[in-house]
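Keep in mind the model is a prediction, meaning the values are calculated, not measured. Both backbone and side-chain heavy atoms feed into the values below; hydrogens, waters and symmetry mates do not.
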Amino acid sequence: MPGTTMVFLIVLIAVGFGTVREIYAKRLEMKKLDGMNQSEKQAMQEEIKHLKSRVATLEQIITDDGYQVAKEINKL
């Protein structure tokens, strides 16, 4: 077997095993999430909603013209 073919096969096998490992990890994670009870899911949804509102507020502050002017002043 030529050397380049062997290297190609080794890389292919390594990538294949890495992909299979990632798929397996994701399936385990999904099973764990399915095992959560309803109150835990509700708490996580509330936290996500809260974090999204915080991100929206921060985006609004950053895109505000006054913030940009203050940033330019601080650069001087």
Side-chain angles (χ1 to χ4, degrees):
M1 180 182 298
T4 55
T5 304
M6 186 179 293
V7 169
F8 176 74
L9 287 176
I10 291 171
V11 170
L12 185 64
I13 290 169
V15 169
F17 279 127
T19 303
V20 169
R21 186 180 57 125
E22 288 294 320
I23 291 171
Y24 183 71
K26 290 292 181 188
R27 282 192 178 177
L28 284 178
E29 184 180 338
M30 292 304 291
K31 282 184 179 181
K32 187 169 65 171
L33 287 177
D34 285 343
M36 291 178 141
N37 62 26
Q38 189 63 27
S39 64
E40 289 175 330
K41 287 181 183 178
Q42 184 68 24
M44 288 182 92
Q45 289 174 347
E46 289 296 322
E47 184 176 0
I48 289 170
K49 186 191 306 183
H50 176 71
L51 291 173
K52 283 182 178 181
S53 70
R54 290 183 67 182
V55 168
T57 303
L58 290 172
E59 287 174 345
Q60 186 178 11
I61 291 170
I62 295 298
T63 57
D64 184 33
D65 290 334
Y67 179 81
Q68 297 297 332
V69 171
K71 193 173 179 182
E72 291 295 322
I73 291 172
N74 287 336
K75 281 185 182 179
L76 298 175

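- For E46, the side chain to side chain donor-acceptor pair (under 3.5 Å) partners are Q42, not counting sequence neighbours.
- With values rounded to the nearest 0.5 angstrom, L58 atom CG is found 10.5 Å from L51 atom CG.
- A distance of 12.5 Å separates CD1 of I23 from CG of L28, quoted to the nearest 0.5 Å.
- Scored by the side-chain contact (heavy atoms from CB on, under 4.5 Å) test, T57 finds I61 as partners (sequence neighbours excluded).
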